[in-house]
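The shown structure was predicted, so the numbers you read here are calculated from the model rather than taken from an experiment.
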Amino acid sequence: MIRPPIVFGTDGWRGRIAEDFTLESAARVVDAMAAWTLDPENPDPGYPGALPLVHDTRRLSREAAAACADRLARSGLKVLLSDRAVPTPCASWHVKARGLRGGIAITASHNPAGWNGVKYKSYFGGSAPPATYAAIARSADRPLPVRGGGAVETTDLRTPYREAVASAVDLPAIRRAGLRVLFDAIHGTAGTLLAEIVGDGHPTRVTTLRAGEDPDFGGVHPEPIPANLGASVKVLSRERYDLALASDGDGDRLGVLDPRGRFVTPHRVLALLAESLAARGRIGGGIAKTFSTSLLLDRVAAKLGLPLHVTPIGFKYIAEKMLAGEVGIGGEESGGLGVSFFLPERDGVLSALLVLEAVACSGLSPAELLARQERDYGAFAYDRRDLHLPMPVLRAFLERLRSAPPASVAGQTVTGVETLDGVKLLLGGRGWILHRLSGTEPIIRIYAEHEDETVVRRLLDETAAALEATRR
């Protein structure tokens, strides 16, 4: 029987539990990853005979990891199986620190609770690039060798990773700062890591919310965006904290709330960290942002005199810039950001610590630091809307935008068009609107930014109405 090809998305393979994702299908994907890791034609450096295998808190994650570890051991691999759920960046760190060729994470990241998946981490300690995933897909259903020498070592991968993350920041400054911090793990793998790293008995205190493992994630999607942070907002409304931080299901994204429970966009967080780290000489090179990220970064880079690199959407493209030595920090609108002095990889816990470090080193409160940013660079409103329509309708709509862009939209003059990843209409230096197809579903994502919040709403409303009209 001919089996369907393995189709990888932006970062790994994902499917609905008990439909697409089963122990059998997970094993097939992991086998393909192992086959490519062991392939003599694989040009990647690193030792191919061992790999870390980690998992998140979802249904079937632990079981899939254990079953796959046994299969890989029979092929002669030494499998470093995590003894508990850990953040995906933990696998990345062990790959790089141990000089291995690759690592595997059983996770569906920030997807809803009904999903699970598998990610591959490359030798450099980050998400596999598209060429690697393509090679893995070609390795599907290739029989793995059966040979001796393999073993499963169930081990504590979390502690050395935690210590490495802690050593990447000015922990004494954070502890002295006297901050009251709420950390919302949303029942994901970040758990109590931030509180453990900051520790007890210091002026800065971290309180962890929703730390326990729950495969339903408390009934919300494990993505640190406003719709899923109601529990944190409720706590902030009745208790005093300087800020709230949150991570996603596999611990590689960051969300931030100010003391009043208002969401601080990832754009502002990236800008804040870029300015703080550059001013203190902690990063060299430029700043990278994805195509859907704010004009705020343009203004920060210009003030700092640093080159700004704009990439297609997906952190893997930022990682390529880091590996080439071109950028010191990069991030995306979804809350994933990384720094080159640690790994070319998103890391929610490290990002949270870097925010605390930036606040501690500024001598300001988080609220004052954000107010200063707005005074220096101006304020931007930003929003996104996902629209489900037939793919032919969406493709035709985008093609019309490319070939005959409008002179104006929502009363704003269109000053240019960019097509790096989707179709972006530029609205002077004050805003833009981006139209981008999903790579796996009949969905168009509409991103809009402008200095005027009412313009953002009009941009999204008019675009949604225009798309609906094309279906009639």
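One finds a salt bridge joining Arg210 and Asp184 here, because a Lys/Arg side-chain nitrogen approaches an Asp/Glu carboxylate oxygen to under 4.0 Å. Using a cut-off of 4.0 Å between Lys/Arg side-chain N and Asp/Glu carboxylate O, Arg430 and Asp452 are scored as not salt-bridged. Between Arg346 and Asp11, at least one side-chain N (NZ, or NE/NH1/NH2) sits under 4.0 Å from a carboxylate O, which counts as a salt bridge. In summary, Glu333 and Arg384 engage in a salt bridge, as defined by a charged side-chain N under 4.0 Å from a carboxylate O. In this structure, Glu332 does not pair ionically with Lys289, as no charged nitrogen and carboxylate oxygen lie closer than 4.0 Å. A salt bridge is absent between Glu275 and Arg280: the closest approach of a Lys/Arg side-chain nitrogen to an acidic carboxylate oxygen does not fall below 4.0 angstrom. Checked for salt-bridge contact, Asp461 and Arg457 miss the test: no charged N lies under 4.0 Å from a carboxylate O. Ion pair Asp242/Arg205 not flagged as a salt bridge, since none of the NZ, NE, NH1 or NH2 atoms sits closer than 4.0 Å to an Asp/Glu carboxylate oxygen.
Within the 3.5 Å criterion, the main-chain N or O of Pro222 finds no donor-acceptor partner in the side chain of Asn228. A side-chain donor-acceptor contact under 3.5 Å links Thr415 to the backbone of Leu426. At distances below 3.5 Å, not a single donor-acceptor pair connects side-chain atoms of Ser340 with backbone N or O atoms of Met322. Panel note: side chain Thr155, backbone Leu157; no donor-acceptor pair is recorded below 3.5 Å. At least one donor-acceptor pair closer than 3.5 Å links the side chain of Thr463 to the backbone N or O of Leu459. Judged by distance alone, with hydrogens and angles left aside, the side-chain atoms of Ser365 form a donor-acceptor pair with the main-chain N or O of Glu368 at under 3.5 Å. At distances below 3.5 Å, not a single donor-acceptor pair connects side-chain atoms of Ser82 with backbone N or O atoms of Ala85. Side chain of His435 to main chain of Val423: a donor-acceptor pair is present (N/O by atom type, distance under 3.5 Å, no hydrogens or angles). A donor-acceptor contact shorter than 3.5 Å is absent between the side chain of Thr154 and the backbone of Leu81. In terms of modelled atom types and a separation under 3.5 Å, the side chain of Asn111 and the main chain of Trp115 share no donor-acceptor contact.
Under the 4.5 Å side-chain criterion, counting only non-hydrogen atoms from C-beta, Val181 is not in contact with Tyr241. Proximity of Pro172 to Arg175: side-chain heavy atoms (C-beta onward) are nowhere separated by under 4.5 Å. The shortest distance between side-chain heavy atoms of Ile287 and Val327 does not fall below 4.5 Å. Counting heavy atoms from C-beta outward, Leu295 and Glu449 have side chains that approach closer than 4.5 Å. Contact annotation: the side chain of Trp432 approaches that of Leu434 to within less than 4.5 Å [non-hydrogen atoms, C-beta and beyond]. With contacts defined as side-chain heavy-atom distances shorter than 4.5 Å, the pair Leu80/His94 does not qualify. Put simply, the side chain of Leu257 does not reach to within 4.5 Å of the side chain of Leu245, judged on heavy atoms. Taking the side chain as every heavy atom from C-beta outward, Arg84 and Arg158 approach each other to under 4.5 Å.
For the pair Leu100 and Leu51, the tightest heavy-atom approach, listed with the atom from each and the gap, is CD1-CA, 4.1 Å. Across all non-hydrogen atoms, the minimal contact from Phe217 to Gly249 is CE2-CA, 4.4 Å. For the residue pair Leu308 and Ala301, the shortest heavy atom distance occurs at CB-CB, 4.0 Å.
With sequence neighbours left out, the side-chain contact (heavy atoms from CB on, under 4.5 Å) criterion links Ser351 to Leu254, Leu337. Applying the ring pair (Phe, Tyr, Trp, His ring centres under 6.0 Å) test to His267 and every residue at least two apart in sequence or in another chain returns Tyr382. For Ser92, the side-chain contact (heavy atoms from CB on, under 4.5 Å) partners at least two apart in sequence or on another chain are Lys121, Leu343, Glu345.
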Inset, instruction - Could you check Lys321 against Leu323 for side chain to side chain contact (heavy atoms under 4.5 Å, CB included), going step by step and ending with a plain yes or no? - result: CA-CA 5 Å; Lys321 296 287 185 181; Leu323 290 169; over 6 Å; no

Inset, instruction - Walk me through it: do Glu418 and Phe291 pass the test side chain to side chain contact (heavy atoms under 4.5 Å, CB included)? - result: CA-CA 9 Å; Glu418 294 178 348; Phe291 197 47; 3.4 Å; yes

Inset, instruction - Decide yes or no on salt bridge (Lys or Arg N to Asp or Glu O under 4.0 Å) for Arg176 and Asp170, but give the supporting numbers first. - result: CA-CA 10 Å; Arg176 290 193 304 265; Asp170 188 346; 5.2 Å; no

Inset, instruction - Show your reasoning for whether salt bridge (Lys or Arg N to Asp or Glu O under 4.0 Å) applies to Asp216 and Arg59. - result: CA-CA 9 Å; Asp216 291 319; Arg59 288 182 178 84; 2.9 Å; yes

Inset, instruction - Could you check Arg395 against Phe397 for side chain to side chain contact (heavy atoms under 4.5 Å, CB included), going step by step and ending with a plain yes or no? - result: CA-CA 5 Å; Arg395 289 200 179 103; Phe397 178 79; over 6 Å; no

Inset, instruction - Test Val235 against Val233 for side chain to side chain contact (heavy atoms under 4.5 Å, CB included), laying out the working first. - result: CA-CA 5 Å; Val235 173; Val233 172; over 6 Å; no

Inset, instruction - Determine, step by step, whether Arg445 and Asp386 satisfy the salt bridge (Lys or Arg N to Asp or Glu O under 4.0 Å) criterion, reporting the C-alpha distance in whole Å, the side-chain angles of both residues, the deciding distance to 0.1 Å, and the verdict. - result: CA-CA 5 Å; Arg445 306 192 194 283; Asp386 293 354; 2.6 Å; yes

Inset, instruction - Test side chain to side chain donor-acceptor pair (under 3.5 Å) on Tyr161 and Asp156 and set out the steps. - result: CA-CA 9 Å; Tyr161 160 72; Asp156 176 12; over 6 Å; no

Inset, instruction - Apply the test salt bridge (Lys or Arg N to Asp or Glu O under 4.0 Å) to residues Arg62 and Glu213: give CA-CA distance (whole Å), side-chain angles for both, the deciding distance (0.1 Å), then the verdict. - result: CA-CA 12 Å; Arg62 187 183 305 275; Glu213 293 189 15; 3.7 Å; yes

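To the nearest 0.5 Å, atoms CG (Leu370) and CZ (Arg262) are separated by 9.0 Å. Once rounded to the nearest 0.5 Å, the distance linking CG of Asp383 with CD1 of Ile446 reads 11.5 Å. Residue Thr290 holds its OG1 atom at 9.0 Å from CG of Leu297, rounded to the nearest 0.5 Å. In this structure, NE2 on His55 lies 13.5 Å from CD1 on Ile104, to the nearest 0.5 angstrom. Going from atom OG of Ser232 over to atom CG of Leu243 covers 10.5 Å, rounded to the nearest 0.5 Å. Atom CG of Asp421 sits about 7.0 Å away from atom OH of Tyr317, to the nearest 0.5 Å.
Of the options Leu209, Asp214, Val220, a side-chain contact (heavy atoms from CB on, under 4.5 Å) to His187 is made by Asp214 and by none of the others.
Atom NZ of Lys316 has more than 12 heavy atoms from other residues, nucleotides or ligands within 6.0 Å.
No hydrogens or angles considered: nothing links the side chains of Asn116 and Arg58 as a donor-acceptor pair under 3.5 Å. Looking only at atom types and distance, the side chain of Ser61 has a donor-acceptor partner in the side chain of Asp56 under 3.5 Å away.
For the pair Arg299 and Tyr377, the cation-pi criterion (under 6.0 Å, within 45° of the ring axis) is not fulfilled.
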